[in-house]
Amino acid sequence: MLLDQIAVLANQAIKEAFGVRVSRVPLEFPQNRSFGDLTINGFMLARELKLPPAGIAEELARCIGGIGPIDSAAAVDGYVNLRLVPEAIFQGSIPQVLHDPDRFGTNEERAGKKLMVEYSAPNTNKPQHLGHMRTDFLGHSLSLILENAGAEVVKANLYNDRGTHICKSMLAYQRWGEGATPESSGKKGDHFVGDFYVLFEKRFKEERDAWIEANPDHYAAYRDKHGKDRKDRDVPEEKLRTKYAASFKDEYFDKVDLGRECQEMLLAWEAEDPQVRALWETMTAWVIEGMEKTYVDLGVSFDVVYRESETWQWGRAKVMEGLEKGVFYKRDDEAIEIDLRADKLDKKVVLRSDGTAIYVTQDIGTTIRKAEEHGLDGQVWVVGNEQIYHFQVLFKIMERLGYGWAEDLYHLAYGMVNLPDGRMKSREGTVVDADNLLTEVAGLATEEIKARDPTGEIPSDEMEHRARTIGLASLRFMLLKVSPKNDMMFDPADSVSFDGDTGARVLYAYARLRTMINDAADETPPDELDLTVLTHENERNLALSILSFSGTTARAARDLNPSVIASFLIELVRDLNRFYDRCPVLKEADEATRKARLGLCRAAAEVVRRGTQLLGMPLLDRM
RNA sequence: GCGCCCGUAGCUCAACUGGAUAGAGCACCUGACUACGGAUCAGGAGGUUCGGGGUUCGAACCCCUGCGGGCGUGCCA
């Protein structure tokens, strides 16, 4: 590899000039290309060499200029800006890519590690929405990025298929479903069940409001207790009402028939009541069937699927072991707890006083089981940032239990997806449904394709295929280009824009390359190309962009961050478009130049393919 | 109350974790060879990086403080 070679040369120069080798040569692509092709950061070297940066840069520039692929070196403000021999840049990129495209851009960042990535973790009572799409895409892309970094990755999903929320839709169906099925109603299973979940919430609210109406004293009591804030001022009536109503969710759930029945149903489920279980089996199967269809449409997949209905009891035995080891202790009320205050966390109950499991109990069991079953070196959870505290607690518990791999557990806490008019609330129907969104975006892509196909030659099934591919790629790219940890804004109107920094632009660039390569029908082996004819700045920049791919994939793996790949693709595509604009390929008269440029195009196409592959984006040969 | 996260161009986001002149896209303005596919390219305008202190050769990034927003703080998930 060219970059490795330069790093070695630089280190030799450092040895000659300063008498010591450095642990890592800080070789970077400069943020501004006018500085040079590559740059060595003298400030970084200064730390290790304990000498002033400017002096280091000047000395190093003197030693290294003109050696091998380095054409010239200039010391500027503590940096050593390198200008490379053009042929080295092209030889270092084009044949490198073409000889083994699938190897180009792989790295050793996670070599030999076996890792599990858990993502999606849906509730099996409603269809997926935009928020799920972020974890679906992030988790899937991350798995690909880690594999590319040498890891063996197990993609895991966990269906949250038990609990109160599941009983809600079951109860609503039991009461008002009239024996309908997804087939009889013509709905996808997850949507069918989700509608009953919404219906439950609606009816529950009605019953709750009626109950409040009939029991004014109850609200009065609540007001007496919560009506003043800490500074003894009156809480505004409207706000108090809202809080009061919200408190029904748990505290007063059993005051309303529907709520009480829901709790009874959960108990019946846990007691394995055959009727309840039968209903549960049926409805869960409907949802899962619908959901798995959505996964196919989204292009995500899993190697193993856990179900909470199976895992929820796994943690008990582990908690008991921990109790014996003294990691946990039993409180007076029989609840089992851990005190994490020494680690800046709080006390946390890990098993209820009645011996039943809670969320952490389940996760304690599942985490250990996963590690043991699959012999994992580490685990990653792609879960929203509202659960940061939960994972801090979980990881600390693993550490206290003495698992060596505890330090290789990582919560990739992604931010919320907001809409222009606020946040999504499933109860208020302000969610963006995944299936609908896919269809909608595909529809808009169809318009764009038609606008470019005035003769209407594209057959309808091909049209459908292209539209869905463009739509999916656009959504993937849009959700992945933002740094995972940050909250993001999703404007549905923008999601269908095909100009600018979009997935469609990347697809377009690729399709353009493919048709060009096809039309050329030139299979000259890379070694037979005369690359010395490539002299244009735009050719050079494109090749440099290609060279930066490996560093990018390594960084993505190191930081568990797909967005750096997205940024890379945007820059690569920009360089590509600039290249096209100034450097004719098929129309080029000189045969050697035409072949060399075509080689550059073939290499670029492979890198676009590799990059999009890591984001899980589908591609098209024609658009 | 306490804890964590965030605040960068009108809008949506970057900035390789402390390094050069803070960069893209959208929107706005001006241009481009009858276009190897114009879903493009060239250019313009747009910034006190929320305010105020500090740390150092150097700060959007670290520390303190104030303001604004989000999320947590369950024997819920």
Side-chain angles (χ1 to χ4, degrees), chain A residues 26 28-32 34-35 39 41-44 46 52-54 76-79 81 121 123 160 163-165 230 249-250 308 331 333-337 344-346 348-354 356-363 384-390 392 413 415-416 418 420 423 445 448-449 451-452 470 478 481-483 485-491 494 497-502 504-509 511-513 515-516 519-520 548 551-552 554-555 558-559 561 563-564 566-567 570-571 574 576-578 580-588 594 597-598 601 622-623:
Chain A
E28 304 167 359
F29 286 87
Q31 46 179 275
N32 189 331
S34 63
F35 295 150
T39 193
N41 188 329
F43 296 92
M44 302 278 195
V76 184
D77 294 340
Y79 288 87
N81 292 333
N123 289 338
N160 295 308
T164 318
H165 53 289
R230 285 182 192 82
K249 204 173 69 182
D250 30 58
E308 209 190 300
R331 299 197 320 201
D333 62 2
E334 299 286 296
I336 296 176
E337 194 175 64
K344 299 202 157 192
L345 298 166
D346 213 331
K348 175 70 189 173
V349 169
V350 292
L351 195 68
R352 286 199 189 99
S353 47
D354 63 3
T356 59
I358 55 175
Y359 186 39
V360 263
T361 324
Q362 184 259 131
D363 258 1
N385 61 13
E386 71 274 6
Q387 293 196 32
I388 286 176
Y389 184 77
H390 167 76
Q392 284 174 341
M416 270 180 1
N418 293 307
R423 76 175 283 199
E448 294 284 325
I449 300 166
R452 289 167 178 79
I470 294 167
M478 174 155 273
K481 76 175 178 183
V482 179
S483 198
K485 61 175 186 181
N486 294 339
D487 286 356
M488 66 175 290
M489 175 70 74
F490 184 92
D491 189 341
D494 280 352
S497 147
F498 299 124
D499 294 320
D501 290 352
T502 63
R505 187 187 210 235
V506 178
L507 287 202
Y508 178 70
R512 239 177 126 177
L513 283 169
T515 50
M516 192 186 293
D519 291 350
S548 71
T552 302
R555 196 184 142 207
R558 199 162 51 238
D559 298 349
N561 183 358
S563 79
V564 304
S567 302
I570 283 296
E571 273 160 43
R574 196 174 8 254
L576 251 171
N577 286 328
R578 286 175 177 166
Y580 289 136
D581 195 59
R582 296 298 159 88
C583 305
V585 181
L586 300 184
K587 281 186 179 171
E588 171 59 43
R594 186 172 65 243
R597 283 184 179 161
L598 197 63
C601 286
R622 302 187 69 87
M623 272 174 86

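These numbers come from the heavy atoms of this one structure, side chains and all, not from hydrogens, waters or symmetry mates. The chains referred to below are lettered A, B, ... by the order of the sequence lines, with proteins before strands, and numbering in each begins at 1.
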Every protein N/O lying under 3.5 Å from an N/O of nucleotides 26-29 of chain B:
none

Checklist entry - Which one, G70(B), G38(B), G72(B), comes nearest to the side chain of M416(A)? => result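 Minimum distance to the M416(A) side chain belongs to G70(B).
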Checklist entry - Counting side-chain heavy atoms from CB outward, which of C36(B), C75(B), G37(B) is closest to I358(A)? => result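 Given the options C36(B), C75(B), G37(B), the side chain of I358(A) is closest to C75(B).
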Checklist entry - Just how far, in rounded Å, is C1' of A15(B) from CG of N561(A)? => result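 Nearest whole value for this atom pair: 13 Å.
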Item to check | Protein-nucleotide distance (D346(A), atom CG; G74(B), atom P), rounded to Å | outcome: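 Taking atom P of G74(B) as the reference, CG of D346(A) is at 7 Å.
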Counting just side-chain N and O atoms, does [X] come under 4.0 Å of either OP1 or OP2 of [N]?
| X | N | answer |
| --- | --- | --- |
| R505(A) | C41(B) | yes |
| R555(A) | A15(B) | yes |
| Y508(A) | A39(B) | yes |
| R574(A) | A24(B) | no |

Close N/O contacts between protein and nucleotides 5-10 of chain B (under 3.5 Å):
none

Checklist entry - Which residues satisfy the side-chain contact (heavy atoms from CB on, under 4.5 Å) test with A511(A), sequence neighbours excluded? => result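 If we apply the side-chain contact (heavy atoms from CB on, under 4.5 Å) test to A511(A), skipping adjacent residues, the hits are M623(A).
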Checklist entry - Which residues satisfy the side-chain contact (heavy atoms from CB on, under 4.5 Å) test with A335(A), sequence neighbours excluded? => result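 With sequence neighbours excluded, A335(A) shows a side-chain contact (heavy atoms from CB on, under 4.5 Å) to R331(A), D333(A), V349(A), S353(A), given in chain and number order.
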Checklist entry - Which part of the nucleic acid, if any, lies within reach of M44(A) when heavy atoms closer than 4.0 Å are counted: base, sugar-phosphate only, or nothing? => result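 Nothing, no nucleic acid heavy atom in range.
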Checklist entry - Hey, does E308(A) reach any base, or is it just sugar-phosphate, or nothing, if we go heavy atoms under 4.0 Å? => result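 Here E308(A) touches the backbone only, sparing every base.
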Nucleotide N/O of nucleotides 57-60 of chain B paired with protein N/O under 3.5 Å:
none

Item to check | Shortest non-hydrogen contact from R352(A) toward A357(A) | outcome: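 Closest pair (atom of R352(A), atom of A357(A), distance): NH1-O, 3.1 Å.
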Next on the checklist: Ignoring hydrogens, what is the shortest heavy-atom contact between S483(A) and S563(A)? Give both atom names and the distance.
Outcome noted: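 In terms of heavy atoms, the two residues are closest at CA-OG, 3.7 Å.
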Checklist entry - How far does CD of Q362(A) sit from CG of N160(A), to the nearest 0.5 angstrom? => result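 Between Q362(A) CD and N160(A) CG, I get 7.5 Å after rounding to 0.5 Å.
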Checklist entry - What distance do R622(A) atom CZ and T515(A) atom OG1 have between them, rounded to the nearest 0.5 Å? => result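 Going from CZ on R622(A) over to OG1 on T515(A), the span is 6.0 Å.
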Item to check | For RNA chain B, stems built from three or more consecutive Watson-Crick or G-U wobble pairs below 3.5 Å | outcome: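 Stems (3+ consecutive pairs) listed as B:1-7 with B:67-73, B:10-13 with B:23-26, B:28-32 with B:40-44, B:50-54 with B:62-66.
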